[in-house]
Amino acid sequence: MSIYIWLLLAGFFWGTNVIVMKLLLLEIPFLLLATMRVLISCLFIFLYMKMKKISFQYHNHFHALIIGILAIYLNFLFTFLGMSEVKGIDNAFMNALAPILTFIFSLFLLKHKGTNKEYIALFLSVFAFLLSIHFQVFNIKIGFYYLFIGMLLYMLGNVLIQKWELSHSLTLVFYELLYGFIFLFIHCLYKGQLKFNAFVQVPLLHWFLFVIVSGIGFAFIQVIYMKSIEKIGALKTSFYLSLNPMITYVESLLFLREKFDVFHFVGFIILGVAIYMIQKERNQMDCIRKS
């Protein structure tokens with residue numbers, strides 16, 4: 001099967017995950033849900049590596065620990081906390097800001113020099129966000145701040161991987177998840193949310209979706225992500241992954257019965273244009289460097 005089809009399937013899992021989490025957060029404490037999701041994903045990555053005989057030896061455990069704390073533990077902590085506060089559509093829009101935030105981090109941490117088109121795209125993304133909240137800056141829900149912090153930490157983790165010149169390998173992903181799970185488990189235990197009887201009340205369908213979409217799905221996304229970078233490069237891979245929020249947006253309207261908002265829709269279009277501008281500009285710059 002073509003890698004592009006696999007990427008679309010991975011995007012479906014990623015986008016649908018928000019919907020599944022929104023449903024389960026009505027029945028399960030957010031820290032327990034985050035801890036279980038990371039645990040299941042870690043177990044499936046472990047099994048996949050065993051099947052493919054991928055080595056578990058890793059020489060940068062300190063860096064993996066830092067990435068695990070930022071991109072897994074703290075990211076999941078704030079993301080799940082924010083997810084319980086805002087609508088699925090709002091969550092989709094915040095996720096769509098990820099490429100823009102990556103660009104901002106690259107300006108400061110990787111000393112990337114932005115072009116005029118990239119700065120225009122940055123302005124458009126800010127305008128799109130303001131449009132999505134109807135320009136009510138002083139009435140932003142606290143859930144937005146939680147999601148934003150979670151995304152910042154995740155993007156920071158990814159940029160540090162580049163800065164430290166770590167390879168995007170499944171071994172690194174496994175240890176990220178393992179360290180993240182340990183910290184989430186301790187936090188969950190400390191907060192008294194380690195109540196497994198909550199899972200008994202969850203409908204069987206929701207359990208099935210949780211394991212397939214959030215557990216196996218996350219592991220599947222990582223595997224496809226690695227293979228895609230090898231075959232078509234990081235730029236094209238990031239473009240396909242940037243489509244994930246659109247899946248969440250559509251499914252929020254269909255399955256969560258959230259109301260269609262013209263401002264949200266127009267904001268999504270503007271943000272899509274901004275993402276396209278940045279990725280096209282980076283593609284041209286990469287071609288110039290290679291030539």
Side-chain angles (χ1 to χ4, degrees), residues 10 13-46 63-86 88 90-92 94-98 101-102 105 142-161 170 172-196 198-199 202 206 209-222 225 241 244-245 248:
F13 276 118
W14 202 315
T16 306
N17 174 68
V18 175
I19 308 302
V20 175
M21 294 300 99
K22 286 287 293 180
L23 292 172
L24 288 171
L25 280 170
L26 299 174
E27 303 161 298
I28 301 173
F30 79 97
L31 263 176
L32 177 58
L33 187 61
T35 303
M36 291 301 297
R37 186 197 166 187
V38 174
L39 173 61
I40 293 174
S41 299
C42 187
L43 288 174
F44 277 105
I45 289 288
F46 174 81
H63 288 157
L65 174 64
I66 300 300
I67 302 299
I69 292 173
L70 292 173
I72 303 298
Y73 166 55
L74 291 176
N75 168 43
F76 272 68
L77 173 65
F78 284 104
T79 299
F80 274 69
L81 188 58
M83 201 181 295
S84 61
E85 299 282 342
V86 302
D90 294 324
N91 199 300
M94 292 298 291
N95 287 336
L97 289 172
L101 291 175
T102 302
F105 271 125
I142 192 170
F144 278 104
Y145 293 107
Y146 290 142
L147 289 174
F148 186 72
I149 292 172
M151 192 184 311
L152 279 177
L153 293 166
Y154 180 75
M155 292 296 109
L156 177 59
N158 284 342
V159 172
L160 286 176
I161 290 175
L170 283 178
L172 173 59
V173 173
F174 170 75
Y175 285 111
E176 282 181 44
L177 290 169
L178 179 61
Y179 292 134
F181 163 73
I182 292 171
F183 280 92
L184 279 170
F185 179 82
I186 294 172
H187 195 161
C188 189
L189 188 64
Y190 172 75
K191 284 291 185 179
Q193 290 195 18
L194 206 63
K195 301 175 181 178
F196 293 103
F199 286 104
V202 176
H206 291 181
L209 291 173
F210 175 65
V211 174
I212 297 298
V213 176
S214 300
I216 300 177
F218 184 79
F220 172 78
I221 290 167
Q222 300 305 314
Y225 180 68
L241 293 180
N244 303 339
T248 302

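Worth saying up front: this structure is predicted, and the values here are computed from it rather than measured. These numbers come from the heavy atoms of this one structure, side chains and all, not from hydrogens, waters or symmetry mates.
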Over all atoms of both residues, closest heavy-atom pair of [X] and [Y]:
X: Glu176; Y: Ile72; result: O-CG1, 3.6 Å
X: Leu74; Y: Leu153; result: CB-CD1, 3.5 Å
X: Thr79; Y: Leu147; result: O-CD2, 3.5 Å
X: Met83; Y: Met21; result: SD-CB, 3.3 Å

Drop me the distance from [X]'s [atom1] to [Y]'s [atom2], to the nearest 0.5 angstrom.
X: Cys188; Y: Leu194; atom1: SG; atom2: CG; result: 4.5 Å
X: Lys191; Y: Thr35; atom1: NZ; atom2: OG1; result: 13.0 Å
X: Phe44; Y: Leu39; atom1: CZ; atom2: CG; result: 10.0 Å
X: Ile186; Y: Leu189; atom1: CD1; atom2: CG; result: 8.5 Å
X: Phe46; Y: Ser41; atom1: CZ; atom2: OG; result: 15.0 Å
X: Leu170; Y: Leu177; atom1: CG; atom2: CG; result: 10.0 Å

For this session: For the pair Leu70 and Tyr154, evaluate side chain to side chain contact (heavy atoms under 4.5 Å, CB included) and give the outcome as yes or no after the intermediate values.
Result: CA-CA 6 Å; Leu70 292 173; Tyr154 180 75; over 6 Å; no

For this session: Please report the C-alpha distance between Leu184 and His187 in whole Å, then the side-chain angles of each, then the deciding distance to 0.1 Å, and finally whether the side chain to side chain contact (heavy atoms under 4.5 Å, CB included) criterion is met.
Result: CA-CA 5 Å; Leu184 279 170; His187 195 161; 5.6 Å; no

Problem set entry | Mutual orientation of the aromatic rings belonging to Phe80 and Phe76 [parallel < 30°, tilted 30-60°, perpendicular > 60°] |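 The arrangement is parallel - the two ring planes meet at less than 30°.
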
Exercise. Taking C-beta and beyond as the side chain, do Leu24 and Glu27 meet within less than 4.5 Å on heavy atoms?
Worked result: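 Yes, side chains in contact.
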
For this session: Find out whether Phe13 and Ile212 are in side-chain contact, i.e. whether some heavy atom of one side chain is under 4.5 Å from a heavy atom of the other.
Result: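 The answer is yes, as the side chains (C-beta and beyond) meet within the 4.5 Å cut-off.
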
For this session: Only counting residues at least two apart or in another chain, list the ones meeting side chain to side chain contact (heavy atoms under 4.5 Å, CB included) with Phe183.
Result: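 Side chain to side chain contact (heavy atoms under 4.5 Å, CB included) check on Phe183 returns Leu65, Ile69, Tyr73.
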
Exercise. Yes or no on side chain to side chain contact (heavy atoms under 4.5 Å, CB included) for Arg37 and Asn17, after CA distance, side-chain angles and deciding distance?
Worked result: CA-CA 11 Å; Arg37 186 197 166 187; Asn17 174 68; 3.2 Å; yes

Exercise. Can you check side chain to side chain contact (heavy atoms under 4.5 Å, CB included) on Leu81 and Leu77, steps first, answer last?
Worked result: CA-CA 6 Å; Leu81 188 58; Leu77 173 65; 5.8 Å; no

